[in-house]
Amino acid sequence: ILVALYYGGILRFYPINPRWDDRDIFILSKGHANNSLFVVLADLGFFPVSELANFSKNGSMLCQHCDPQVPGIETISGSLGHGLGIASGIALGKKLQGKNNLVFVLMGDGECQEGSVWEAAMFASHHHLDNLIAFIDRNRLSSEEFTENTSHLEPLEDKWKAFGWNVKTVNGHSIEELLTAMDGCRTSRTGMPLMIIANTIKGKGISSLENLPRSHHTVPKGEEIIKAREELS
């Protein structure tokens, strides 16, 4: 999803000036995935690649959740369930200002069990925020358990449609499908916010982590790292 956004010619950004007025806004609501975003931002020149080696070390700007002290990060997102509300507010502000910036937000499916997400969903459709594009990383796992075993989300697509959203469901591991789902999002004005449900597999490609609840907190070590690199190569 991040690769499609940042390398697919969709997201408008300017690494030399991260606060460029005409940039699109991207909010990583599932802020615990920030290490993936940090790698993308460093590769694109928002900050030196060498800084990645300091991740989570004392004094580093790269913490374990998103923080706007990092160039390219728009907001703190350590507390789940808030990203869509923040994105909706920004999107409304851009419309009121007559600006054509797009606002993107990436959520986890586990956080969709929070009421704040559905309040924001109502707000966005009520205000016809067709400059708002949201993604759900639908891996069916929250931090400890499968989502459908705790508070089931299905039928997820129908729920978002009922809340007044334009909904597309894609293979979240397919760059082509993700780009197709976003095609025309800058010029099309449907009067509806766009939700892209991206079906994914947590830990895909790494046998010790794939589709396991424990993989949310597990860090591969030693031989596991070597094997994971072999499996992904």
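Position 1 is the first residue of the sequence; numbering continues from there.
- Side-chain contact between T169 and L156: absent, with no pair of heavy atoms (C-beta onward) separated by less than 4.5 Å.
- To the nearest 0.5 Å, atom OG1 of residue T147 and atom CG of residue N139 are 8.0 Å apart.
- A perpendicular orientation is assigned to the rings of Y14 and W20, their planes being inclined by more than 60° (bins at 30° and 60°).
- Nearest approach of C63 to Q69, heavy atoms of both residues: SG-NE2, 3.8 Å.
- Between W118 and K159, the closest side-chain pair of non-hydrogen atoms falls below 4.5 Å.
- To the nearest 0.5 Å, atom CG of residue N35 and atom CD of residue Q64 are 9.0 Å apart.
- Without hydrogens or angle criteria, T180 side chain to E176 main chain gives a donor-acceptor distance under 3.5 Å.
- Note on L179: it clusters hydrophobically with L194, by side-chain heavy-atom contacts below 4.5 Å among ILVMFWY residues.
- For the pair E224 (side chain) and K221 (backbone), a donor-acceptor distance under 3.5 Å is present.
- Side-chain atoms of T200 and H173, non-hydrogen and from C-beta on, do get closer than 4.5 Å to each other.
- Using a 30° and 60° split on the angle between ring planes, F46 and F13 fall in the tilted class, from 30° to 60°.
- Here the NZ atom belonging to K202 is positioned 5.5 Å from the CG atom belonging to L141, to the nearest 0.5 angstrom.
- Not one N or O on the side chain of D137 forms a donor-acceptor pair closer than 3.5 Å with the backbone of G108.
- What you find for N101 and K99 is that their closest heavy atoms are OD1-CB, 3.2 Å.
- Heavy atoms of other residues, nucleotides or ligands lying less than 6.0 angstrom from CD1 of I16 number 12 at most.
- For the pair S207/E231, a side-chain contact is recorded, criterion being any heavy-atom separation below 4.5 Å from C-beta on.
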| task | Dump the intermediate steps for side-chain contact (heavy atoms from CB on, under 4.5 Å) on I73 and M61, then the final yes or no. | result | CA-CA 11 Å; I73 300 295; M61 68 175 180; over 6 Å; no
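- Distance CG/L84 to CE/M107: 5.0 Å, rounded to 0.5 Å.
- Within the 4.5 Å cutoff, the side chain of T75 has no heavy atoms near those of the P68 side chain.
- Here I90 contributes atom CD1 and I86 contributes atom CD1; the two are 7.0 Å apart, rounded to the nearest 0.5 Å.
- For the side chain to side chain donor-acceptor pair (under 3.5 Å) test with T150, the passing option among E145, E144, Q113 is Q113; the others fail.
- The pair K161-E157 meets the salt-bridge criterion, since a charged nitrogen lies less than 4.0 angstrom from a carboxylate oxygen.
- Proximity of Y7 to I175: side-chain heavy atoms (C-beta onward) are nowhere separated by under 4.5 Å.
- C66 and L28 get closest at one heavy-atom pair: SG-CD2, 3.9 Å.
- Of all heavy-atom pairs spanning L80 and G31, the tightest one is CD2-N, 4.4 Å.
- E114 and K30 are not joined by a salt bridge, as no carboxylate oxygen comes within less than 4.0 angstrom of a charged side-chain nitrogen.
- Checking side-chain atoms of N171 against main-chain N and O of E177 turns up no donor-acceptor pair under 3.5 Å.
- Comment: R19 engages E74 in a salt bridge, judged by a side-chain N to carboxylate O separation of less than 4.0 angstrom.
- The side-chain heavy atoms of I1 and F104, taken from C-beta on, include no pair separated by under 4.5 Å.
- From R214, atom CZ reaches atom OG of S208 across 6.0 Å, with rounding to the nearest 0.5 Å.
- In this pair, H32 and H65 present their aromatic rings perpendicular. The plane angle is above 60°, beyond the 30 to 60° band.
- Side-chain atoms of S29 come within 3.5 Å of backbone atoms of G83 as a donor-acceptor pair (strictly under, hydrogens ignored).
- Heavy-atom minimum distance, C112 versus W160: SG-CZ2, 4.4 Å.
- Comment: D130 engages K95 in a salt bridge, judged by a side-chain N to carboxylate O separation of less than 4.0 angstrom.
- Of the charged side-chain nitrogens involved, at least one lies within less than 4.0 Å of a carboxylate oxygen, so that R186 and D24 count as a salt-bridged pair.
- Smallest separation of non-hydrogen atoms from L132 and S88: CD2-OG, 3.6 Å.
- Two residues are said to be in side-chain contact when any heavy atoms from C-beta on lie closer than 4.5 Å; F26 and L37 meet this criterion.
- Side chain of H217 to backbone of S143: a donor-acceptor contact under 3.5 angstrom is found.
- Under the 3.5 Å distance criterion, the side-chain polar atoms of N211 are left unmatched by any main-chain donor or acceptor of I201.
- A distance-only check finds a donor-acceptor pair linking the side chain of E148 to the backbone of L153 [under 3.5 Å].
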